[in-house]
Amino acid sequence: MTSSFPLFAAVPLAARDSILGLNEAFQADTRPEKVNLSIGVYYDAAGKIPVLSCVQKAMESLLGQATPRTYQPMEGPAAYTQAVQKLLLGADHPAIREGRLVTAQSLGGTGALKVGDDLLSGICPKAKAWVSSPTWDNHRAILEGAGFAVGAYAYYDAATGGFDLAGMLRDLARAKEGDIVVLHACCHNPTGVDPTAEDWGKIIDAVEQHKLLPFLDIAYQGFGDGLQEDSEIIRRFAARNIPIFIASSFSKSFSLYGERVGALTVITANADEAKRMLSQTKRAIRANYSNPPIFGASLVSSVLNQPDLRALWEEELAGMRDRIREMRLMLRERLSAQVPGKNFDFIVKQRGMFSYSGLNAQQAQKLRDTYSIYIVDSGRICVAGLNAKNIDYVAEAMAAVQKG
């Protein structure tokens, strides 16, 4: 049937999402040996997405309460937002005591970035935004959707598998006063490469010197060295008394991917500024989705605010972190045996769920086609998808594609 009003006739087919598309291809693959190392999801030693015991206990308690499902405040409940602030900065941080923080519940870390970028488009519409090279694809997409021109600063050194501090500082010096710089607070996605504490000091100095606005993305707090260690960079930035935007997520650390639980936090100069920023944050939320959902944030809030559940969560999170480290060590050991003479130490130096494996797009395609192992064309692998049952097969296949 031909439409008399062909409005959509010229609409092009959008490119498939580079990660979610691979996940769909994995699901359709019928080969029994298939391994999914593409999507950023934590799997346990049995290859399953876990339901954390602390979450299960909180869920059982909440489901036993017959409470009305009315609209939440646009910024989310205070019990949740205050718990987020304490997790990021510590309970006694001066910015919290002085009322200088604005925190709003969001639809995952993605929602926090979206609301934050919408806010910034009204505050500094002529600013340019800077993201690391490489970065998570959605950083650029959300910034461009908010109307920002987006540039890239050097970050990953392919020759060493490490961090390019000199290149990053050179590129930040090119930014103009008031430009936005998106920074991964820990466990860089997609490379797994993080600056050292000394490197961070130089980065913070550069951001302050050039009067840039830092937007810190902390989607993996607890997967690097620990909850407090991974958020240290936020406290170091806060000590400079400059405006800061922070996007946080509980998808990974609570294994609550489908609940979409995150938060946007803004550190301001004083309580009056915070009041005005909260009003604008609520306005941006209203224009996006009006009010955040209840259940996922209630689970997180329950765990963070109950000492016994909080202790259990920290124990379970440490277990996830330790398992990922173990997989890194095992992968390095097996690849070193398969490809003698090549140094794979970068695998254990990288942190968090991801590793830039050093494989190119052609090798990644061969892994998918020949071995049914799904990784992103950039060579990024999700280390959390490895386990004792598949790591030998993965290492052998990765070695085979490198040998040609």
Side-chain angles (χ1 to χ4, degrees), residues 15 18 102 104 106 109-158 163-186 188-191 193-195 199-219 233-234 236-238 240-249 262 264-269 273 276-277 280-281 283-285 287-288 378:
S18 61
V102 174
S106 65
T110 303
L113 291 164
K114 168 63 175 168
V115 172
D117 290 347
D118 284 354
L119 267 173
L120 289 170
S121 70
I123 297 169
C124 47
K126 295 183 180 180
K128 184 175 182 178
W130 297 82
V131 299
S132 64
S133 178
T135 193
W136 182 49
D137 289 345
N138 238 4
H139 281 154
R140 180 179 289 273
I142 296 170
L143 284 162
E144 290 177 342
F148 290 106
V150 181
Y153 58 83
Y155 188 88
Y156 177 70
D157 185 343
F163 174 54
D164 183 4
L165 175 63
M168 181 176 180
L169 295 178
R170 178 198 65 227
D171 289 342
L172 291 184
R174 295 166 44 211
K176 295 180 180 179
E177 180 178 332
D179 278 359
I180 302 157
V181 56
V182 178
L183 301 163
H184 302 237
C186 69
H188 184 271
N189 179 9
T191 69
V193 174
D194 284 347
D199 291 340
W200 271 120
K202 296 176 181 178
I203 294 167
I204 295 170
D205 287 343
V207 169
E208 185 175 32
Q209 176 187 348
H210 301 301
K211 297 182 179 179
L212 307 179
L213 175 61
F215 200 144
L216 302 171
D217 187 348
I218 183 163
I233 186 59
I234 294 175
R236 291 178 66 180
F237 264 106
R240 299 298 180 98
N241 294 318
I242 58 177
I244 305 165
F245 276 57
I246 306 161
S248 53
S249 169
L264 172 69
T265 297
V266 184
I267 303 180
T268 69
E273 194 171 279
R276 288 182 276 115
M277 282 299 297
Q280 293 296 333
T281 302
R283 184 179 182 184
I285 289 170
N288 270 289
S378 64

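These values consider heavy atoms only, across backbone and side chains, with no hydrogens, waters or symmetry-generated copies. In this text, all values refer to a predicted model and were calculated from it rather than measured experimentally.
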| Could you walk me through whether Ile203 and Val181 pass the side-chain contact (heavy atoms from CB on, under 4.5 Å) check? | CA-CA 11 Å; Ile203 294 167; Val181 56; over 6 Å; no
| request: Would you please name every residue forming a side chain to side chain contact (heavy atoms under 4.5 Å, CB included) with Ala141, sequence neighbours left out? | output: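 Side chain to side chain contact (heavy atoms under 4.5 Å, CB included) check on Ala141 returns Asn138.
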For a quick test of your reading: what N or O donor-acceptor pairs under 3.5 Å do the side chains of residues 206-216 make, sequence neighbours left out?
| from | atom 1 | to | atom 2 | distance (Å) |
| --- | --- | --- | --- | --- |
| Glu208 | OE1 | Arg240 | NH1 | 2.5 |

Minimum-distance pair of heavy atoms, taken over all atoms of [X] and [Y]:
{"X": "Cys186", "Y": "Ile218", "result": "SG-CG1, 4.2 Å"}
{"X": "Ser132", "Y": "His184", "result": "OG-NE2, 3.6 Å"}
{"X": "Gly109", "Y": "Ala247", "result": "O-CB, 4.2 Å"}
{"X": "Val150", "Y": "Arg140", "result": "O-NH1, 3.4 Å"}
{"X": "Ala127", "Y": "Phe148", "result": "O-CD2, 3.3 Å"}

Could you tell me which residues satisfy ring pair (Phe, Tyr, Trp, His ring centres under 6.0 Å) with [X], sequence neighbours excluded, listed by chain and number?
{"X": "Trp136", "result": "His139"}
{"X": "Tyr156", "result": "Tyr356"}
{"X": "Tyr155", "result": "Phe163, His188"}

| remark: By side-chain hydrogen bond (donor to acceptor under 3.5 Å, both in side chains), Ser248 pairs with (sequence neighbours left out) none
| For Ser249, all residues meeting side-chain hydrogen bond (donor to acceptor under 3.5 Å, both in side chains), sequence neighbours excluded | Ser251
| said: Taking salt bridge (Lys or Arg N to Asp or Glu O under 4.0 Å) as the definition, give me every residue that meets it alongside Glu273, ordered by chain and number, with sequence neighbours left out. | reply: none
| message | Within the 4.5 Å heavy-atom criterion, are Leu165 and Pro195 side-chain neighbours or not? | response |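 No - every pair of side-chain heavy atoms lies 4.5 Å or more apart.
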| field | Note, Val266 side chain near Pro243 side chain (heavy atom, < 4.5 Å) | value |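 The answer is no; the side chains never approach within 4.5 Å.
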What residue pairs, at least two apart or across chains, pass salt bridge (charged side-chain N to carboxylate O under 4.0 Å, His left out) with a residue in [range]?
{"range": "residues 146-157", "result": "none"}
{"range": "residues 174-185", "result": "Asp171-Arg174"}
{"range": "residues 128-139", "result": "none"}

As an exercise, state the distance from [atom1] of [X] to [atom2] of [Y], rounded to the nearest 0.5 Å.
{"X": "Leu183", "Y": "Ile233", "atom1": "CG", "atom2": "CD1", "result": "8.0 Å"}
{"X": "Ile234", "Y": "Arg236", "atom1": "CD1", "atom2": "CZ", "result": "12.5 Å"}
{"X": "Met168", "Y": "Trp130", "atom1": "CE", "atom2": "CH2", "result": "11.5 Å"}
{"X": "Ile242", "Y": "Thr268", "atom1": "CD1", "atom2": "OG1", "result": "13.0 Å"}

| task | Flag yes if more than 12 heavy atoms outside Arg276 fall under 6.0 Å of its CZ atom; otherwise flag no. | result |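 Atom CZ in Arg276 is packed in, count exceeds 12.
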Residues 113-121, side-chain donor-acceptor partners within the protein, below 3.5 Å, at least two apart:
| from | atom 1 | to | atom 2 | distance (Å) |
| --- | --- | --- | --- | --- |
| Lys114 | NZ | Asp118 | OD1 | 3.3 |
| Lys114 | NZ | Asp118 | OD2 | 3.4 |
| Asp118 | OD2 | Asn288 | ND2 | 3.1 |
| Ser121 | OG | Asp118 | O | 2.7 |

| query | Only one of Ile267, Ile246, Ile244 clears side-chain contact (heavy atoms from CB on, under 4.5 Å) with Phe237; which? | reply | Ile244
